[in-house]
Enquirer: 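Below you'll find the structure I mean.
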Amino acid sequence: MSGPVRSGQVAAAAGVNPQALRYYERRGLLPEPDRGPGGHRLHPPGTVAVLRAVKTAQRLGFTLDEIAGLLAAGHRDAGLARMKLAEVERRIDGPFAARWSVTRSRSSRRRASPRGDPAERR
């Protein structure tokens, strides 16, 4: 999209409802848009990309306050993003590591037990 974009178009392209746009403006995640001659809210072309990034960050576990901080900091300070990424990776790895450990434990017990023991065949 090039040039200013109406709120409905931005919302549809980003997969959010128009009320979400206003909420994100109030929270400081998006700048308040200019108004066109007819009073329509006109967002800059990059708004859709920002909204998609916000929604992705939310799915990864960032709070809106953290997202606002990241947007305000831009590329100057990636420390918060790195810390949050490490936290997300720990949350993802935790259940997989536990399952891998249980599976490995079962495999080693099967190899160590006599073949005739029905309790170990599960």
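Side chains included, hydrogens not; waters and symmetry mates left out as well; all remaining heavy atoms used.
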Enquirer: Tell me, please, which residues at least two apart from A68 pass side chain to side chain contact (heavy atoms under 4.5 Å, CB included).
Expert: L29
Enquirer: Could you walk me through whether V16 and V54 pass the side-chain contact (heavy atoms from CB on, under 4.5 Å) test, one step at a time?
Expert: CA-CA 11 Å; V16 300; V54 167; over 6 Å; no
Enquirer: For residues 37-48, run the donor-acceptor check on the side chains, cut-off 3.5 Å, and write out each pair with its distance to 0.1 Å, sequence neighbours left out.
Expert:
from	atom 1	to	atom 2	distance (Å)
H40	NE2	R6	NH2	3.4
R41	NH2	E25	OE1	2.1
R41	NH2	E25	OE2	2.8
H43	NE2	S7	OG	2.9
T47	OG1	P44	O	2.8

Enquirer: Roughly how far, to the nearest 0.5 Å, is the NZ atom of K55 from the CD1 atom of I67?
Expert: 8.5 Å
Enquirer: Please enumerate all residues that pass side chain to side chain donor-acceptor pair (under 3.5 Å) together with R26, with sequence neighbours excluded.
Expert: none
Enquirer: Quick one: list whatever passes side chain to side chain contact (heavy atoms under 4.5 Å, CB included) with N17, sequence neighbours left out.
Expert: Q19, A20
Enquirer: So, using side chain to side chain donor-acceptor pair (under 3.5 Å) as the criterion, who are the partners of R27 when residues are at least two apart?
Expert: Y23, D65
Enquirer: Looking at P18 and A11, what are the two nearest heavy atoms and their distance?
Expert: N-CB, 3.8 Å
